[in-house]
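Accompanying notes for the structure given below.
Below, chain A is the first sequence line, B the second, and so on; all start at residue 1.
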2 protein chains.
Amino acid sequence: MIESLLYPSLNSASEFINTSLRIKKFILCCGLFSVEYVGRSSSTLGLGERVLIIKGDGSVLVHRSKGYEPINWQPSGCIIRCEVEDDKMIVFSERRRPKEFLKAVFDKVYIVFSTSLIDNAKFLMGPSEEKFYSILFKHPEFIEKGLRLTSKQKSLSAGVVDFTGVDGNGNYVFVEVKRRTAGVDAVKQLDKYIRSQPTKFRGILCAPSITKPALSLLEKKGYTFRKLDLNRISKLLTIEPFEETLDKHL
Amino acid sequence: MIESLLYPSLNSASEFINTSLRIKKFILCCGLFSVEYVGRSSSTLGLGERVLIIKGDGSVLVHRSKGYEPINWQPSGCIIRCEVEDDKMIVFSERRRPKEFLKAVFDKVYIVFSTSLIDNAKFLMGPSEEKFYSILFKHPEFIEKGLRLTSKQKSLSAGVVDFTGVDGNGNYVFVEVKRRTAGVDAVKQLDKYIRSQPTKFRGILCAPSITKPALSLLEKKGYTFRKLDLNRISKLLTIEPFEETLDKHL
DNA sequence: GCGCTTAGCCGCTCA
DNA sequence: TGAGCGGTTAAGCGC
């Protein structure tokens with residue numbers, strides 16, 4: 001749900017912002033204003049048209065017409081207030097530690113809106129699950145030097161093992177892969193697969209990180225943990241799917 | 001001049017955005033969308049309510065409800081396009097070097113506006129590292145009594161040393177300056193410069209304070225720490241007219 | 001809390 | 001174009 005005001009008076013804009021601040025909404029205000037900042041450093045920015053963003057967590061951003069970076073900002077946790085004085089609308093933001101202040105003085109407000117921005121989506125760094133497995137299958141050296149993979153997503157009676165292979169010493173290997181921190185359940189899964197086999201398999205658990213309990217269980221069982229560098233892997237992601245989509249529309 | 005659409009259809013929003021892109025306006029679009037990014041790294045962000053900003057210089061920002069930083073972005077210079085397909089509005093952004101792509105897929109657009117953001121104001125930054133250097137260069141006694149500085153920001157093969165000089169006892173000196181607490185990296189930097197020289201140099205690390213690990217490394221290397229009195233130095237900087245404005249609001 | 005490391009760091013300067 | 005480096009770096013993690 002969006003509420004917005006187009007070309008409001010400074011008084012209505014101020015009232016609107018204060019109401020939205022109280023219920024910690026995302027607020028965006030575009031207008032003609034100047035900015036002063038003092039804290040770790042200090043700065044002054046003369047009058048101009050720009051955009052002020054106040055987030056529900058108390059972060060503040062001032063964006064000009066160019067560039068990735070905000071020209072002025074405060075990180076989350078600030079206390080923000082808005083008022084009208086001498087025909088100017090003033091947004092005042094205070095950070096406690098380190099002590100910092102930011103002041104935006106509006107001559108005019110062109111548009112102001114606020115909304116709750118309901119957003120519970122997960123942000124996943126790195127490739128999608130499917131992509132991820134196919135990359136590792138092609139590049140087993142990311143798991144372990146000398147490792148050769150013979151099958152992926154192989155069905156066993158006990159479940160589906162991510163990879164089977166042979167390590168540099170000729171041992172047969174089962175690999176369980178997790179895209180995120182591996183917990184005890186991941187170790188149990190791996191253990192289940194290996195114990196379902198009549199012959200001996202080495203166990204490798206491969207994940208960006210592992211919890212302490214999971215690691216001790218893993219060691220107790222005699223399996224190996226291999227750390228995954230997600231960034232290195234995502235660099236191998238081809239941009240082909242994007243290029244195709246782009247080409248189609250050019 | 002602001003143009004805006006509240007709860008537009010995806011088709012109108014797309015048309016609006018393309019028109020605004022053509023004349024390089026600042027565009028802001030708030031809605032329900034997902035984001036995919038592939039390039040130096042890669043990421044996927046599921047469906048959620050957030051804000052997409054496209055600037056006239058071809059920078060792109062995706063802001064969620066929290067935090068200073070955008071969750072996804074592209075720096076300036078991107079080629080951006082918008083279209084509707086299968087009841088989704090898609091914003092594509094392509095960066096040439098390095099090759100990177102960002103795709104925002106909108107289910108709904110709540111508000112979209114565009115404007116020119118005329119802003120020619122000067123941005124004046126307070127005392128920066130550079131300012132510090134010039135003051136210290138003029139007042140080497142702040143670093144050490146009897147010190148004479150011979151050059152600043154001198155390029156070596158190993159990097160750029162803040163000051164070179166001669167101390168009261170006639171020793172050649174390299175000075176590394178930090179305007180905040182110096183950490184181990186500052187000591188390493190100084191060490192690197194000195195070790196790159198065939199002749200002997202005394203090392204001085206000059207900062208308001210130093211961390212414990214940094215100090216012990218410094219002593220082990222036989223260099224000197226000199227405390228920088230920020231208050232004394234700031235008196236030589238232009239006085240900020242901001243303090244009084246602050247007082248009024250506190 | 002402090003201090004250290006990382007980042008799709010960004011953006012600048014200079015060889 | 002690439003490397004080095006500062007930044008109101010911010011943000012996360014360990015102690």
Side-chain angles (χ1 to χ4, degrees), chain A residues 35-45 57 59-62 66-78 93 95-102 123-127 181 208-209 212 229-235 237 239, chain B residues 35-45 57 59-62 66-78 93 95-102 123-133 153-162 176-189 192-193 209-217:
Chain A
V35 185
E36 286 179 81
Y37 152 76
V38 81
R40 284 165 295 176
S41 178
S42 63
S43 70
T44 57
L45 175 60
D57 65 345
S59 39
V60 181
L61 304 166
V62 178
K66 287 175 189 174
Y68 156 87
E69 292 188 324
I71 183 71
N72 280 112
W73 73 92
Q74 301 209 218
S76 62
C78 294
S93 160
R95 189 182 179 193
R96 285 296 158 88
R97 211 170 27 251
K99 205 85 172 165
E100 296 193 293
F101 302 93
L102 192 149
F123 178 67
L124 287 174
M125 202 59 174
T181 305
S209 59
K212 247 189 180 113
D229 186 336
L230 284 186
N231 258 337
R232 278 180 68 205
I233 291 173
S234 34
K235 281 186 182 125
L237 247 192
I239 51 182
Chain B
V35 185
E36 281 179 81
Y37 153 76
V38 172
R40 282 165 297 176
S41 178
S42 66
S43 71
T44 56
L45 175 61
D57 65 346
S59 40
V60 180
L61 304 166
V62 178
K66 286 172 190 176
Y68 157 86
E69 291 186 324
I71 184 72
N72 280 111
W73 72 92
Q74 308 229 148
S76 62
C78 293
S93 160
R95 189 183 181 192
R96 285 296 158 89
R97 214 171 22 252
K99 203 87 169 165
E100 296 193 292
F101 296 94
L102 192 147
F123 179 64
L124 289 175
M125 190 70 150
S128 61
E129 188 130 326
E130 199 190 330
K131 203 84 181 162
F132 266 61
Y133 291 143
Q153 300 298 109
K154 189 187 180 109
S155 273
L156 311 174
S157 57
V160 177
V161 62
D162 288 334
E176 178 63 29
V177 179
K178 292 290 166 203
R179 44 196 268 278
R180 288 193 277 150
T181 306
V184 277
D185 49 345
V187 182
K188 282 180 187 165
Q189 224 176 314
K192 192 175 64 172
Y193 303 150
S209 59
I210 185 166
T211 65
K212 247 190 180 109
L215 184 60
S216 47
L217 179 61

Excluding sequence neighbours, so at least two apart, what forms salt bridge (Lys or Arg N to Asp or Glu O under 4.0 Å) with A:R96? A:E94
With sequence neighbours excluded, tell me which residues meet salt bridge (Lys or Arg N to Asp or Glu O under 4.0 Å) with A:E100. A:R40, A:R95
Give me the distances for all protein-to-nucleotides 1-3 of chain D N/O pairs that come in under 3.5 Å?
unit_1 : atom_1 : unit_2 : atom_2 : d
D:dT1  : OP1    : B:R97  : NH2    : 3.0

For [X], all residues meeting side chain to side chain contact (heavy atoms under 4.5 Å, CB included), sequence neighbours excluded:
X      : answer
B:P70  : A:Y68, B:L61, B:H63, B:W73
B:D185 : none
B:T44  : A:L124, B:E36
B:S155 : B:V160

Take the protein atom [atom1] of [X] and the nucleotide atom [atom2] of [N], then report the distance between them rounded to whole Å.
X      : N      : atom1 : atom2 : value
A:K212 : D:dC15 : NZ    : C1'   : 12 Å
B:K188 : C:dT5  : NZ    : C1'   : 11 Å
B:L217 : C:dC4  : CG    : P     : 11 Å
B:D185 : D:dG7  : CG    : P     : 13 Å
A:Q74  : D:dA10 : CD    : P     : 10 Å
B:L124 : D:dT8  : CG    : P     : 14 Å

Please check the phosphate of [N] (OP1 and OP2 only) for any side-chain N or O of [X] closer than 4.0 Å.
X      : N     : result
B:T211 : C:dC4 : yes
B:K178 : D:dG7 : no
B:Q189 : D:dG6 : yes

Shortest non-hydrogen pair, B:S76 vs B:D57, comes out as CB-OD2, 3.1 Å
Report which part of the nucleic acid [X] touches: base, sugar-phosphate, or nothing (heavy-atom distance under 4.0 Å, all strands).
X      : answer
B:N72  : base
B:G159 : sugar-phosphate
A:K66  : nothing

Quick one: side chain to side chain donor-acceptor pair (under 3.5 Å) partners of B:T181, sequence neighbours excluded? B:S209
Please report the distance separating the C1' of C:dC10 from the corresponding atom of C:dT6, rounded so that it comes out in whole Å. 14 Å
Roughly how many Å apart are D:dT8 and D:dG4, using the P atom of each and rounding to a whole number? 22 Å
Any side-chain heavy-atom pair from B:I71 and B:V35 closer than 4.5 angstrom? no
Among C:dG8, D:dG6, D:dT8, the one nearest any side-chain atom of A:Y37 is D:dT8
Judged by each residue's nearest nucleotide on DNA chain C, which is more toward the 5′ side, B:P213 or A:F123? B:P213
How about NZ on A:K99, more than 12 heavy atoms from neighbouring residues, nucleotides or ligands closer than 6.0 Å, or not? yes
Between B:A158 and A:I71, the residue closer to the 5' end of DNA chain D by nearest nucleotide is B:A158
Counting primed atoms, P, OP1 and OP2 as sugar-phosphate and everything else as base, the B/S/- map of nucleotides 10-15 of chain C against protein heavy atoms under 4.0 Å is SS----
